[in-house]
Structure formats: C-alpha cells, structure tokens
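Just so it is clear: chains get the letters A, B, ... in the order the sequence lines come, proteins before strands, and each one is counted from 1.
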Amino acid sequence: MKLLILIPAFNEEGAVGGVVQEVHAVMPGVPVLVVDDCSGDATIQNARNAGARVLGLPAHLGLGGCVQAGYRLAFELGYDNVIRVDGDGQHDPRDIPKILEALERHNCEMVIGSRFVNGGSEHTGILRAAGIVFFRAILRPILGRPVRDPTSGFVGVNRTALAVFSRTFPLEYPEIEALVVLQRKKFRFVEVPCRMRPRRTGRSTITAVKSLYYIVHVMLGVFVNVLKFEGRRK
Amino acid sequence: MDRLLTILAWFSVLLGVLVLTSVRRAHIRVEYSVSWLGAAAALLVLSQNRTLLERMAVSLGLADGAVALLTLAGGVFLVVLYRFSLIISRLKDSNIALVQRLAILEFRLESIDEEAQAAGN
C-alpha cells in the first residue's frame with residue numbers, strides 16, 4: 001500500500017521543518033509532501049531542507065484548496081492512503097501509525113485523529129471547544145452517529161475518498177463539510193484517539209472575529225451539502 | 001416626482017458614461033458591460049417617457065411612476081448583481097483549478113528534471 005504524508009502549510013517556516021523531521025523519524029521511508037499555500041516566508045526552503053517534497057501553489061487558495069491540491073497530486077501519483085498532518089506542529093506524528101492501522105483494519109474511507117476520544121482536550125481554546133460542541137450537535141442527526149472531533153485536521157483517507165476529494169473538496173473550512181461530503185457518498189469514518197499539542201510558532205488563522213463568520217460559513221456549507229444528500233449508510 | 005425622475009435620468013447617463021469609459025479603457029470586458037448598459041438605457045428611456053412610465057406603474061399596481069421606476073431599477077440591479085455573483089464564483093472555481101493544475105505540473109516537471117539529473121550522474 002502506497003502511503004503519503006500530506007502537510008498543508010502557510011507561513012509556517014518556524015514549525016514545518018520540525019514536523020517533517022518528526023514524520024521521517026516515525027515513518028522512515030514514507031514520502032512527505034508539503035503543500036505550500038503561497039507562503040511569504042521560508043516555508044518551502046525549510047520543508048525541503050528537512051527532506052520533504054514541496055508542491056508550491058503559485059497563488060494563495062486557503063486551507064481547502066491547498067489540501068485538495070495535495071489530494072489531487074496524490075491521486076494522480078497512485079497513492080492508496082494519504083494522512084494529513086498540519087504544518088504548525090499541533091498534530092503529533094507519533095500518532096500516524098495509529099491512523100494508518102485504523103484505515104487498514106476498519107477498511108473505512110476516512111480516519112479522524114480525535115483529541116476527545118479519550119476525553120483529552122487540554123490544548124483546545126474556549127472558542128474552538130464551544131464550536132466543537134455546537135457542530136457535534138448539528139452533525140449528529142446528519143451523520144446518524146456521533147463525531148467527537150469534527151474540526152480535526154489530523155485525518156487519513158483511503159484511495160476511494162481520495163478520488164472523491166480530488167474532485168470535490170470544501171474550500172475554506174473543509175473539515176466539517178468534508179464529513180458531510182463523505183456521508184453523502186455513504187462512506188464510513190472512524191475516530192482514533194490522538195494527542196494535540198500547542199502551536200509551535202505563529203498564530204491560528206481562526207481569530208475571535210472570524211469565529212462567527214466560520215460558524216455561519218460552515219453551517220451554510222453543511223446545509224448545501226445536506227440538500228445534495230443521497231441517503232444514509234446502514 | 002419630476003425631481004426624482006430627473007435624478008434617475010442623470011444617474012442613468014452617468015452609469016452609461018462610466019461603463020463605456022471603463023470598456024474603452026479595457027477595465028470592463030464588453031460582454032460584462034451589456035447588462036449595465038441595458039439597465040442604464042432602460043432607466044433613461046423610462047424616466048423620460050411619461051406614458052410608458054404611467055403604464056408600467058399601473059401594471060405594477062403602484063400609484064406613482066417614479067416609485068415604480070425605482071422599484072424596477074432596484075430589481076434590475078439585483079438581477080445584474082446576481083449574474084455577476086455567478087460569474088465571479090465560476091471564475092474563482094476556474095482559478096483554483098488552474099492554480100492547482102499549474103502547481104502539479106511544476107511538481108511533475110521538477111521530478112522529471114531530478115530523475116534526468118540522477119540518471120546523468
């Protein structure tokens with residue numbers, strides 16, 4: 001099975017090199033692709049110096065467009081599984097084998113690395129925690145099952161999901177809408193417990209002011225996707 | 001009412017001149033100027049033709065011609081704005097696909113170059 005580790009990054013020069021090195025240490029020999037969303041700093045150089053291949057976008061697309069570019073390339077290159085790790089160092093690469101093992105064992109289309117499966121949430125801000133609770137409640141009836149960490153970007157997908165996401169992927173705040181896209185396609189997902197760490201450098205793109213816009217935007221995206229609903233998997 | 005119609009007439013002339021100037025300077029493409037020029041022309045004709053305006057007001061069930069014209073102009077501008085939202089959304093989708101495709105092609109070219117260099121060594 002061909003595995004690719006995908007790291008979307010935007011102005012993460014302080015963290016991306018360390019993340020790539022950690023991934024190489026945990027998964028020796030597994031290719032690492034950093035998708036640079038037109039950073040204005042040394043993200044590309046630092047990623048290359050750490051041993052990653054870099055897919056450099058010539059214009060800033062936002063997180064969804066950045067991740068989808070990586071999914072497209074991975075699909076075209078024939079990868080079977082892709083595990084996404086954020087470039088800011090919040091995801092612990094030591095959990096990658098857990099996600100890969102769950103992808104293969106459960107034969108599901110997506111595995112979410114969740115900070116809440118075992119109750120932990122120590123590095124989650126108040127706003128994000130409130131948003132997670134809100135979206136859990138919204139997604140429960142849509143997905144027909146609970147999802148503990150719907151905003152987690154630490155995800156693994158198999159080739160079937162890769163085929164879908166390389167064509168259709170939410171563009172701005174993709175994690176929650178991606179779950180609804182999966183449900184629409186009657187795909188399955190599982191959550192595995194993962195550790196989350198504080199950001200190494202830089203600031204989160206989700207500020208207090210953007211939070212309200214985030215909620216409205218994601219709600220609209222979920223609503224639009226529900227309108228395209230094709231039935232729930234039994 | 002006369003004052004309002006005069007203002008609307010001047011507004012339509014201003015809009016027409018602005019759009020034509022922008023087309024001449026290539027700031028607006030011809031195909032995207034048609035909606036605005038059509039709206040400006042309709043506004044000008046209706047504001048200057050009392051008979052037509054009265055008929056339109058009656059058909060809309062409004063007593064005042066100027067109010068009917070304002071309502072119509074508002075509706076037309078909403079349609080034009082909606083049309084441009086569709087165009088912008090389509091352009092954004094095209095841009096995203098192009099940016100991704102360009103990046104992937106560059107990546108593949110670099111890979112070919114690296115393989116060629118490795119084979120040369």
**Q** E109(A) side chain to R188(A) main-chain N or O, any donor-acceptor pair under 3.5 Å?
**A**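 It does hold such a pair.
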**Q** Are L4(A) and L77(A) packed together at the side-chain level, in the sense that at least one heavy-atom pair is separated by less than 4.5 angstrom?
**A**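 They are not in side-chain contact.
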**Q** Any idea how F10(A) and H60(A) line up, ring-wise: parallel (<30°), tilted (30 to 60°), or perpendicular (>60°)?
**A**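 Correct class here is tilted.
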**Q** Which region of L61(A), side chain (C-beta onward) or backbone (N, CA, C, O), has a non-hydrogen atom less than 4.5 Å from a non-hydrogen atom of chain B, or is it both or neither?
**A**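 The answer is the side chain of L61(A).
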**Q** Heavy-atom distances under 4.5 Å only: say whether I96(B) touches chain A with side chain, backbone, both or neither.
**A**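 For I96(B), the contact with chain A is made by backbone and side chain together.
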**Q** Might you confirm whether atom NZ of K2(A) has over 12 heavy atoms from other residues, nucleotides or ligands at distances under 6.0 Å?
**A**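 More than 12 within 6.0 Å, yes.
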**Q** Scan the side chains in residues 40-50 of chain B for donor-acceptor partners under 3.5 Å anywhere in the protein, sequence neighbours excluded, and list what turns up.
**A**
from	atom 1	to	atom 2	distance (Å)
S47(B)	OG	L43(B)	O	3.0
S47(B)	OG	L44(B)	O	2.9
N49(B)	OD1	T51(B)	N	3.3
N49(B)	OD1	L52(B)	N	3.1
R50(B)	NH2	D2(B)	OD1	2.0

**Q** Only heavy atoms, only distances under 4.5 angstrom. Which residues in residues 41-56 of chain A are near chain B?
**A**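 Interface residues of residues 41-56 of chain A: R48(A), R53(A), V54(A), L55(A), G56(A).
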**Q** Return yes if some donor-acceptor pair links the side-chain N/O of R84(A) with the main-chain N/O of G153(A) below 3.5 Å, else return no.
**A**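 Answer holds: yes.
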**Q** If you count every heavy atom of other residues, nucleotides or ligands that lies below 6.0 Å from R55(B) atom CZ, does the total exceed 12?
**A**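 Not buried by this count: 12 neighbours or fewer within 6.0 Å.
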